[in-house]
Amino acid sequence: MKEIIQGRRLGSSERVEFEYDENSTNIVRKSGSSCESNLSAHAERIYPDVPVIIAPARKRVGGVSDGKEIVLFTDGLGRQQQTSLFHELWHHAEKRAISAGDLETVYKEVSDGDDWSCDYLNEPRERAARAFEHYASARASGLQLATARRGTAQAVFERLYEGTEYAAMMKRRRQKRRAAALSIAVAAFPGVGLAGFVAFMLVMLPHLVTH
């Protein structure tokens, strides 16, 4: 159905009218099930052990992350929710996986972005989350970006998007557990000798590798 809409020209106070017919626009309504598969695939690749919860829509907020889980507030799943998911996945990784040095690199690079005259929007964490959501959305849309140079924000985004940041974090955790187990074994069994220590590690190794 056609309707006349009142508007304002960008950058001025000039009022304008235009005719709008929703039936003639290129609106694609993707099914919720296919959108859910899309979002799940991205979440499982980027940070597979964070729960993502779908909750009823709320005004002024599309999603939140508390470092334990991600909540997307929406009454339907689509492209906008994909953007919100990328935004919150950044916040989650920011708290759990990304090193202080890499965060400093990202924050410094995005500090020269647009000034939104808003403390919240200008906050480094929010600038970084928006930058990652745009990067990830571009990659998800099929854009072929050149491999990022080391020491750049894009390099950090690239590792997170491709899942290598999460894999590196899990590898560090396994190494810490192995080191802790070794310390315990040496302290608890100082007299067992090499053969006894090897036997102990053969028993413990499956638990250290799989957890």
Side-chain angles (χ1 to χ4, degrees), residues 26 28 30 34-52 54 62-72 74 77-116 118 120-179 208-211:
N26 296 321
V28 178
K30 192 175 180 182
S34 59
C35 282
E36 185 148 350
S37 296
N38 176 286
L39 269 62
S40 295
H42 286 299
E44 289 169 7
R45 183 190 66 258
I46 294 173
Y47 214 109
D49 66 359
V50 57
V52 179
I54 307 299
V64 294
S65 172
D66 63 1
K68 297 179 181 178
E69 61 192 16
I70 289 171
V71 180
L72 299 180
T74 178
L77 295 177
R79 183 186 57 79
Q80 185 175 351
Q81 285 67 47
Q82 184 195 68
T83 302
S84 295
L85 176 65
F86 288 145
H87 187 104
E88 301 308 331
L89 280 167
W90 169 264
H91 281 318
H92 184 82
E94 194 176 38
K95 297 182 178 88
R96 303 291 297 274
I98 302 174
S99 70
D102 283 340
L103 288 178
E104 183 179 0
T105 295
V106 174
Y107 292 163
K108 182 178 180 180
E109 190 168 325
V110 301
S111 66
D112 292 330
D114 292 342
D115 181 359
W116 292 99
C118 170
Y120 174 74
L121 292 178
N122 285 340
E123 186 181 24
R125 292 178 65 255
E126 284 304 309
R127 286 182 178 274
R130 292 197 303 275
F132 177 71
E133 77 181 42
H134 293 311
Y135 169 88
S137 294
R139 288 286 303 271
S141 296
L143 190 64
Q144 299 298 303
L145 301 176
T147 301
R149 290 184 295 106
R150 294 183 61 182
T152 64
Q154 185 179 332
V156 180
F157 293 166
E158 185 178 87
R159 294 199 309 270
L160 182 60
Y161 181 83
E162 294 177 357
T164 54
E165 190 72 57
Y166 177 84
M169 179 192 70
M170 297 304 292
K171 182 179 180 180
R172 291 193 299 270
R173 288 183 181 178
R174 289 193 295 270
Q175 290 173 338
K176 287 181 180 179
R177 284 196 289 268
R178 289 170 188 160
L208 299 174
V209 171
T210 59
H211 291 78

Practice item. Report the distance from atom CG of Leu39 to atom CD of Glu44, rounding to the nearest 0.5 Å. Key: 10.5 Å
Revision key, fill the gap. d(Leu89 CG, Ser65 OG) to nearest 0.5 Å is 8.0 Å
Exercise for review: Take atom CZ of Arg45 as the centre, draw a 6.0 Å sphere, and report whether it contains more than 12 heavy atoms from other residues, nucleotides or ligands.
Suggested key: yes
Review point. In this structure, are over 12 heavy atoms from other groups packed under 6.0 Å from Gln175 atom CD?
Key: yes
Point to revise | Minimal non-hydrogen separation, Ala128 against Val110, with atom names | key: N-CG2, 4.0 Å
Revision key, fill the gap. Heavy atoms of Thr105 and Ala153 approach each other most closely as CG2-N, 4.0 Å
Review point. So Tyr166 and Tyr47, would you call those rings parallel, tilted or perpendicular, with 30° and 60° as cut-offs?
Key: perpendicular
Check your understanding: Does Glu109 use its side chain to pair, donor to acceptor, with the backbone of Val106 at less than 3.5 Å?
Key -> no
Review point. Do side-chain atoms of Asn122 reach the backbone of Asp115 as a donor and acceptor pair under 3.5 angstrom?
Key: no
**Study point:** All ring-ring contact (aromatic ring centres under 6.0 Å, His included) counterparts of Phe86, not counting sequence neighbours
**Key:** His42
Practice item. Decide whether Glu126 and His87 meet the rule of one side-chain donor and one side-chain acceptor closer than 3.5 Å. Key: yes
Review point. Is there any salt bridge (Lys or Arg N to Asp or Glu O under 4.0 Å) pair reaching into residues 82-99, and which pairs are they, with sequence neighbours excluded?
Key: Glu94-Arg125
Practice item. Kindly state each residue pair satisfying salt bridge (Lys or Arg N to Asp or Glu O under 4.0 Å) with at least one member in residues 144-164, sequence neighbours excluded. Key: Asp102-Arg159, Arg139-Glu162, Arg159-Glu165
Point to revise | Beyond-backbone contact of Leu121 with Arg130, side-chain heavy atoms, under 4.5 angstrom | key: yes
